[in-house]
Amino acid sequence: MSQTKQFEQKWQAKWEATHVFEADPDPKRQKVMVTFPFPYMNGPLHVGHTFTASRVDAYARFKRMQGFNVLWPWAWHWTGQPLLGASQRVARGDVEFIRVLHEVDGVPDETIKKFVDPLYMAQYYTDEGRLAVKGIGFSVDWRREFTTVMPTFQKFVEWQYKNLKEKGYVTRGTHPVVWCPKDKSPTGDHDRQSGEGVTPEEYTLIKYRLDDGTILPAATFRPETIYGITNIWINPEATYVEATVNGECWIISQEAAEKLKEQEKKIQVNRAFQGKELIGKTFQNPVTKLKFPILPGWFVDPKTATGVVYSVPAHAPYDYLALRDLQQNPEVLSQFGMDPPVVTQIKPISIIKLEGFGEFPAVEIVEKMGIKDQNDPKADQATKELYKKEFHGGVLKESCGPYAGKSVREVKDLLIKDFKEAGVADSIYDLSKPVVCRCMTPCLVKILSDQWFLNYSDPEWKQKAHEAVAQMTIYPESAKPSFNTVIDWLREWACARTTGFGTPLPWGKGWIIETLSDSTVYMAFYTINKHIKQNSIKPESLTPEAFDYIFYGKGNKTDLCKAVGISVDLLDSMRSEFLYWYPFDLRNSAKELVPNHLSFCIFHHAALFPPEHWPKAISVNGMLMVEGQGMHKSKGNFITMKGAVEKYGADATRCGLLLGAEAMDDPDWRAENISDLQSKFESLIGFATAVIASAKTDEDTMLERWLQSKLQSRIKEVTESLDQLKTRTALQVALFETWNDLRWYIQRKGNTQAKALNEVVKTWLKMLAPFAPFLCEELWSQTGEADFISTAKWPVFDENKLDVAAEEQENLITDIMTDTSNILKATKITPKHICYYSTAPWKWQVYLKILDKTVCGEAKIGDLMKEFAADKDLKPHMKDIAALVPRVIKALTKVPGDRKANIQKIKAVDEHNILAGAAKFLGDRYNTEVSVYSEDDQKRFDPKNRASMAMPYQPAIYIE
RNA sequence: GCAGAGGUCGCCGAGCAUGGUCAAAGGCGUAGGCUUCAGGAGCCUAUCCUUCAGAGGUUCGUGGGUUCAAAUCCCACCCUCUGCACCA
């Protein structure tokens with residue numbers, strides 16, 4: 001077994017044995033409750049879950065180390081249809097599906113057989129999931145765990161819905177859905193063979209009347225064009241039916257009759273006939289009462305809507321094209337017994353004024369695009385373009401009755417409403433593209449009646465939700481507006497369905513609360529489930545009144561306890577535990593849940609709890625990609641949490657994911673990166689072990705102070721980043737940048753014996769512990785610490801340990817190394833001897849004066865020279881100063897502001913000593929002899945007379 | 001279609017809000033050296049171009065503009081990605 005695996009098992013066992021991550025109320029300590037949306041258990045946990053949950057765990061561990069009482073609970077989502085669907089696929093012996101279960105999920109064959117029981121399947125994945133979560137080292141309090149089919153949890157959901165209903169947030173209504181007639185259930189995107197993303201579209205039907213009173217319901221998205229009608233198109237070759245629809249006699253395509261049966265229409269088909277029978281007849285416009293002819297239109301698709309289309313050639317390219325085609329070939333009309341003038345006399349009727357176009361926009365666009373006839377594919381493009389333009393910019397003309405002068409956009413809804421009320425319009429739902437169910441049955445649109453909705457349209461509810469958003473923190477900040485957008489945009493949500501697992505609607509027989517609707521405030525249940533489980537509280541004790549008391553403090557507890565059979569103490573413990581933990585302090589999820597779950601969570605909290613129990617913070621992150629692609633079982637790139645941990649180790653998996661991205665960016669899982677990280681950790685372990693073992697001296701030189709100083713900035717950055725959920729930045733600094741500091745120190749120092757280094761390494765481990773807890777625990781124990789690093793005190797930034805002089809000293813070294821390398825590169829010489837010349841003291845005087853002036857923004861060469869000339873110490877050097885001043889000014893433009901301030905603070909540094917101290921280090925670096933002289937040393941070795949080039953922070957260099 | 005996010009030096013990815021400190025962090029990859037029985041790992045150095053002295057030049061999707069100064073501000077254009085409901 002690998003070393004990594006040993007550490008993982010060892011520390012997991014210790015954590016479990018000591019219950020370190022179990023959190024109970026402690027009034028003396030501030031609490032932090034973090035949550036992660038419970039995963040749906042129709043499959044194993046994967047690296048996507050791992051990424052999101054690793055962020056939560058890093059935060060939880062960080063806060064725990066900061067001394068907070070941290071609760072991280074976990075649960076499992078079993079509600080809904082997919083679990084049943086999956087089980088049924090096993091029962092049907094779906095070969096491909098079973099192969100995936102076996103190969104991707106790694107389920108043993110014997111177990112797969114038992115998946116015919118969906119509850120068994122859910123339990124299996126839950127048990128596997130729990131092992132995976134423990135294996136990766138998430139610091140969860142398992143005493144609060146539950147699944148959404150547990151009767152006690154369902155009692156909680158019943159309480160939730162009873163309250164929502166009483167507050168008026170649950171309403172009843174009808175709703176169109178994509179429907180599979182064979183399965184007799186709505187066909188969601190995931191249940192489809194084809195037609196992903198297709199939703200029902202509502203067409204308005206205008207009830208034109210034939211002379212005998214029969215209704216021709218023509219379907220349109222543009223009912224305002226009723227004022228510009230010139231004729232109706234019927235496909236002469238399609239089959240139409242005459243049917244009694246809600247007591248009226250309608251003529252529609254055969255397909256349309258089937259559709260309407262599912263759309264709350266009482267329909268009886270009386271006879272079927274060919275479309276050509278209708279050609280040549282006349283009908284009346286129910287609004288204008290004018291009469292028009294029915295013409296043959298071969299482009300009319302009987303499968304779309306009613307198969308009856310009315311023609312507005314002035315504004316609809318297809319209509320104009322079809323009309324033009326007929327007018328150019330009027331002889332085809334003879335087969336329908338019509339005379340050409342009926343067609344040739346038709347003129348488009350303009351009803352919409354559109355900027356940039358004349359009378360007949362459709363005619364213009366057809367001519368502009370050079371569209372040949374009604375079969376030209378460009379006709380479709382023209383239709384879309386014109387529709388958009390007229391919708392946004394079109395104004396109805398005088399002929400449009402009460403709607404004249406209004407824009408299309410503003411009257412459309414009103415007009416539909418008016419027409420429906422006047423009985424001249426109706427509607428039909430249809431699909432823009434065909435949808436086929438997984439069972440291979442073509443779908444249609446069904447109107448579900450008596451559907452239960454969460455009324456997210458309620459303006460007061462929306463308002464409260466906005467308030468909740470306003471008072472909470474969203475990470476990253478940039479995601480906040482999208483929550484408000486979603487809240488404005490959400491409308492009625494069907495919250496119950498008839499199939500699948502879940503909690504029955506308390507008042508609606510046969511309805512089950514749907515999966516996104518039963519999981520909105522369950523975080524509150526975590527706070528009390530510990531007591532429910534420990535005391536084996538019966539579901540029947542958990543009445544709405546009991547929950548009202550626990551969550552609201554409502555009711556008389558003596559009576560209540562008697563009624564439900566829970567002791568007063570226990571009830572009070574539950575109440576106070578809820579009050580201690582709630583509200584939750586963080587909920588982290590992937591951004592895909594913003595438009596649904598996370599917003600629902602906000603809505604429901606706003607509805608059910610007072611503002612002090614509304615969420616404190618929500619954070620969102622990107623969606624995990626695998627090798628640049630979305631992760632799907634079908635793509636063969638599905639990686640389970642368990643599999644990743646087995647292959648790369650828990651620490652590398654966690655850190656590899658967290659280094660992938662932060663904020664809303666999508667992290668990319670690259671196997672190569674993860675295994676590189678794995679070996680990096682191996683080397684980290686070796687490195688830290690060596691340092692820990694070698695610590696013995698009490699040295700406190702400039703280098704130790706430098707290391708401490710650097711460490712302080714790292715502590716500050718890691719702490720601040722973690723507080724902002726910037727896990728990537730935090731880990732990058734904690735792992736790589738701090739490591740680089742340590743490397744630099746060791747190189748400069750030449751050994752690892754200082755105890756100070758050992759202390760820094762211990763601090764380093766603490767900063768890494770939230771991310772890589774296993775190896776940190778192990779190394780921590782090697783330093784002789786008896787307690788867990790998981791509960792060690794988080795390092796605190798200490799300003800007193802900042803040492804700008806030490807930092808400037810090292811800057812001097814790195815700067816001179818850069819210059820030396822530059823020279824070597826440019827000259828391509830192999831150095832035999834490198835000489836450095838430290839700057840003469842009088843130059844420092846000049847330098848610091850110029851620096852002061854620069855910072856104030858008044859560095860004028862003339863003034864400076866006068867000032868220097870007046871100084872008797874400088875007077876003898878005036879010739880050199882004349883050359884030095886412009887060089888210094890130029891050099892200072894490249895120095896960052898904060899460094900300038902530091903230099904002002906520490907004044908002159910002892911370049912000579914610093915260089916002399918680093919001579920050996922530099923000599924090793926360039927593999928040559930290094931000599932250090934003072935610029936004004938008369939005995940210096942300086943054949944090319946370079947020394948005079950020296951200036952502060954830029955010693956002169958001579959290389960031979 | 002509607003809404004949102006984004007295009008940075010081989011790759012991933014900082015930086016752009018508060019323009020100058022940006023040839024642009026960090027990681028990866030690649031090359032060379034050291035170490036190692038070997039492999040791996042580790043350590044060091046280099047990695048836009050030019051340059052025999054610490055310098056210069058051309059870069060941050062494309063094209064304009066503002067400014068002494070733009071990866072960073074403004075405009076236009078091109079391209080990519082994500083969500084859009086009864087479904088987890």
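Every value quoted in this text rests on a predicted model; they were computed, and no experiment measured them.
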Requested in this report: Please confirm whether A:F638 and A:H46 have ring centers closer than 6.0 angstrom.
Outcome: yes
Query raised in the report: When you check the phosphate oxygens OP1 and OP2 of B:G54, does a side-chain N or O of A:T820 lie under 4.0 Å from one of them?
Result: no
Requested in this report: Scan A:Q81 against the nucleic acid and name what it touches under 4.0 Å (heavy atoms): base, sugar-phosphate only, or nothing.
Outcome: sugar-phosphate
Report summary line: Each nucleotide of nucleotides 11-21 of chain B classed B (base within 4.0 Å of a protein heavy atom), S (only sugar-phosphate) or -, in 5' to 3' order, makes SSSS------B
Query raised in the report: Paired with B:A14 by Watson-Crick or G-U wobble geometry, both distances under 3.5 Å: which nucleotide is it?
Result: none
Query raised in the report: How long is the line joining CG of A:D819 and C1' of B:G54, in whole Å?
Result: 4 Å
Report summary line: In Watson-Crick or G-U wobble terms, with both distances under 3.5 Å, the base opposite B:G54 is none
Query raised in the report: Partners of A:W669 by ring-ring contact (aromatic ring centres under 6.0 Å, His included), sequence neighbours excluded?
Result: A:Y648
Report summary line: Heavy-atom nearest nucleotide on RNA chain B taken for A:E492 and for A:E960; more 5' hit belongs to A:E960
Query raised in the report: Roughly, in whole Å, what's the span from CH2 in A:W511 to P in B:C86?
Result: 14 Å
Requested in this report: Could you give the distance separating B:C60 and B:A23 at their P atoms, to the nearest angstrom?
Outcome: 13 Å
Query - Pairing nucleotide - B:C34, Watson-Crick or G-U, each distance under 3.5 Å - result: B:G42
Query - Whole-Å C1' distance, B:A69 and B:G4 - result: 34 Å
Report task. Taking atom C1' in both B:A71 and B:A17, compute the distance separating them and give it to the nearest angstrom. Result -> 14 Å
Report task. Identify whether any heavy atom of A:Y958 sits under 4.0 Å from a base atom; if not, whether one sits that close to sugar-phosphate; answer base, sugar-phosphate or nothing. Result -> base
**Report entry** C1' atoms of B:A41 and B:C81, separation to the nearest Å
**Finding:** 38 Å
What N/O pairs connect the protein and nucleotides 46-52 of chain B at under 3.5 Å? Give each pair on its own line.
residue: B:U47; atom: OP1; partner: A:K825; partner atom: NZ; Å: 3.3
residue: B:C52; atom: O4'; partner: A:A826; partner atom: O; Å: 3.0

Query - Spacing of the C1' atoms in B:U50 and B:U67 (rounded, Å) - result: 30 Å
Query raised in the report: Starting at CG of A:N927 and ending at P of B:U45, how long is that distance when rounded to a whole Å?
Result: 14 Å
Query raised in the report: Taking the same atom, P, in B:C22 and in B:A70, what whole-Å distance lies between them?
Result: 16 Å
Query raised in the report: How would you list, by chain and number, every residue that makes a side chain to side chain donor-acceptor pair (under 3.5 Å) with A:E201, sequence neighbours excluded?
Result: none
Query raised in the report: Separation of A:N596 atom CG from B:C86 atom C1', in whole Å?
Result: 11 Å
Requested in this report: Counting Watson-Crick and G-U wobble pairs only, both distances under 3.5 Å, name the nucleotide matched with B:G63, or none.
Outcome: B:C75
Query raised in the report: Mind checking what makes ring-ring contact (aromatic ring centres under 6.0 Å, His included) contact with A:F736, not counting sequence neighbours?
Result: none
Report task. Scan A:L735 against the nucleic acid and name what it touches under 4.0 Å (heavy atoms): base, sugar-phosphate only, or nothing. Result -> nothing
Report task. If the plane angle is over 60° it's perpendicular, under 30° parallel, otherwise tilted; pick one for A:Y203 and A:F221. Result -> parallel
**Report entry** Inter-nucleotide C1' distance (B:G26, B:A14), Å rounded
**Finding:** 8 Å
Query - salt bridge (Lys or Arg N to Asp or Glu O under 4.0 Å) involving A:R714 - partner list, sequence neighbours excluded - result: A:E737, A:D741
Report summary line: Against the side chain of A:H175, the closest entry in B:C86, B:G83, B:A53 is B:C86
Query raised in the report: Looking at the side chain of A:I959, which of B:C84, B:A53, B:C86 is the nearest nucleotide?
Result: B:A53
Query raised in the report: Under 4.0 angstrom, heavy atoms only, what part of the nucleic acid is A:P39 near: base, sugar-phosphate, or nothing?
Result: nothing
Query - Options B:G26, B:A88, B:G83, nucleotide nearest the side-chain atoms of A:E737 - result: B:G26
**Report entry** Complementary nucleotide of B:G83, counting Watson-Crick and G-U pairs under 3.5 Å
**Finding:** B:C2
Please produce a list of atom pairs where a protein N or O lies less than 3.5 Å from an N or O of nucleotides 42-44 of chain B.
residue: B:C43; atom: OP1; partner: A:R743; partner atom: NE; Å: 2.8
residue: B:C43; atom: OP1; partner: A:R743; partner atom: NH2; Å: 2.6
residue: B:C44; atom: OP1; partner: A:Q747; partner atom: NE2; Å: 2.6

**Report entry** By ring-ring contact (aromatic ring centres under 6.0 Å, His included) - contacts of A:H833 (at least two apart)
**Finding:** A:F941
Query raised in the report: Is a salt bridge present between A:R728 and A:D665, judged by a nitrogen-to-oxygen distance below 4.0 Å?
Result: no
Please report, to 0.1 Å, the donor-acceptor pairs under 3.5 Å made by any side chain of residues 679-691 of chain A, with sequence neighbours excluded.
residue: A:S679; atom: OG; partner: A:S675; partner atom: O; Å: 3.4
residue: A:S679; atom: OG; partner: A:D676; partner atom: O; Å: 2.9
residue: A:S683; atom: OG; partner: A:K680; partner atom: O; Å: 3.4
residue: A:T689; atom: OG1; partner: A:I685; partner atom: O; Å: 2.4

**Report entry** Contacts of A:K920 that satisfy salt bridge (Lys or Arg N to Asp or Glu O under 4.0 Å) - sequence neighbours left out
**Finding:** A:D924
Query raised in the report: In whole angstroms, how far is the C1' atom of B:G54 from the NZ atom of A:K944?
Result: 15 Å
Report task. Using ring-ring contact (aromatic ring centres under 6.0 Å, His included) as the criterion, list what pairs up with A:Y958, not counting sequence neighbours. Result -> none
Query raised in the report: Within the structure shown, what part of the strands sits under 4.0 Å from A:M623 by heavy-atom distance: base, sugar-phosphate, or nothing?
Result: nothing
Requested in this report: Using modelled atom types only, decide if a donor and an acceptor are shared between the side chain of A:S599 and the backbone of A:V594 within a distance under 3.5 Å.
Outcome: yes
Requested in this report: Please report, rounded to the nearest Å, how far the P atom of B:G27 is from the CZ atom of A:F681.
Outcome: 14 Å
**Report entry** Check: A:Y169 ring centre within less than 6.0 Å of A:W452 ring centre
**Finding:** no
Requested in this report: Determine, for A:Y456 and A:R491, whether the Lys NZ or Arg CZ falls below 6.0 Å from the six-membered ring centre while staying within 45 degrees of the axis.
Outcome: no
**Report entry** Side-chain N or O of A:N740 closer than 4.0 Å to phosphate OP1/OP2 of B:G27
**Finding:** yes
Requested in this report: Would you kindly give the CG-to-C1' distance between A:D450 and B:C86, to the nearest whole Å?
Outcome: 16 Å
Query raised in the report: What's the NZ-C1' distance between A:K591 and B:U82, to the nearest Å?
Result: 6 Å
Report task. Check side chain to side chain donor-acceptor pair (under 3.5 Å) between A:W511 and all other residues, then give those that pass, not counting sequence neighbours. Result -> none
Query raised in the report: B:U8 and B:C16: how far apart are their C1' atoms, nearest whole angstrom?
Result: 10 Å
